[in-house]
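What follows is one structure encoded as structure tokens, with my remarks underneath.
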Amino acid sequence: MRIWRADELFLKDLLRNELDKLVRICDFLKVEVNLDVLIVECETLSEFHQLTDRAYAIGAVYSRGIIVSQPFEVLRSKGVLEDVLLHELLHHIVSLNFDLPNWVQEGLILCLTGTQPEKLSGRHKECLSKFIREVRHEEIPTFLDRHRRRSVVESH
């Protein structure tokens, strides 16, 4: 396994196309871009499964400041490397700034990245579909303000 800091230059180059999207989403959420997260790139799919106990359909997992990822080459060959890393970085940023149930956080991130429900399956599809039903896009800022972490509100 290899461990990277998300703010390292090579990762910024890797995410070049998605960094603009990350900044726009953070602006919309009224939060700072925070790349203070470690990325553990597994060397094999087997190692990824051992560390995360997740199916291979899941490209990466975020928990408490650490992203555990399938090998970058595997994700790159599927054409999803940048999308997966952006998604997990958003989990980090949202977790730092908001107290949201897991399904809301997942649905919010999928919504903000423009993911279409018909392109998903399983839990991701359920979270996005439920989020879209319960929170209209124009209501997202007000909805999030109710769930903003106190320490974040007080520091601004």
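Looking at every heavy atom in both residues, K21 comes nearest to L86 through CD-CD2, 3.4 Å. When all heavy atoms of R54 and H49 are compared, the closest pair comes out as O-ND1, 2.9 Å. I39 and F72 get closest at one heavy-atom pair: CG2-CZ, 4.0 Å. The shortest non-hydrogen separation linking A60 to I67 is CB-CG2, 4.0 Å. Minimum interatomic distance between C111 and L128 (heavy atoms only, all atoms of both residues): N-CD1, 3.6 Å. Of all non-hydrogen atoms in E47 and E43, the two that sit nearest each other are OE1-N, 2.6 Å.
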Where do H91 and I109 land on the side-chain contact (heavy atoms from CB on, under 4.5 Å) test, with the steps shown first?
CA-CA 7 Å; H91 274 295; I109 290 168; 3.4 Å; yes
ring-ring contact (aromatic ring centres under 6.0 Å, His included) between F28 and H137: does it pass, once the steps are laid out?
CA-CA 11 Å; F28 178 78; H137 195 274; 5.6 Å; yes
Take L120 and T115 through the side-chain contact (heavy atoms from CB on, under 4.5 Å) test and state the conclusion after the steps.
CA-CA 8 Å; L120 299 170; T115 306; 3.7 Å; yes
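Annotation: side chain of V104 is in contact with side chain of F143 (closest heavy-atom distance under 4.5 Å). Using a 4.5 Å heavy-atom cutoff, the side chains of V84 and I58 are not in contact. At a threshold of 4.5 Å between non-hydrogen side-chain atoms, the residues V37 and L89 count as touching. The closest side-chain heavy-atom distance from L100 to L144 is below 4.5 Å.
The cluster map of Ile, Leu, Val, Met, Phe, Trp and Tyr, joined by side-chain heavy atoms under 4.5 Å apart, puts V23 and V94 in the same cluster. At a threshold of 4.5 Å between side-chain heavy atoms, the hydrophobic network of Ile, Leu, Val, Met, Phe, Trp and Tyr places L90 and V68 in two separate groups.
Remark: E106 engages R123 in a salt bridge, criterion side-chain N to carboxylate O under 4.0 Å. Comment: D27 does not engage R24 in a salt bridge, judged by the lack of any side-chain N to carboxylate O separation of less than 4.0 angstrom.
Ring-centre distance between H92 and Y62: below the 6.0 Å cut-off.
Not one N or O on the side chain of E41 forms a donor-acceptor pair closer than 3.5 Å with the backbone of I3. A donor-acceptor distance shorter than 3.5 angstrom exists from the side chain of T113 to the backbone of L110, with no hydrogens or angles considered.
Inspection of the T44 and S46 side chains reveals no N or O donor paired with an N or O acceptor under 3.5 Å.
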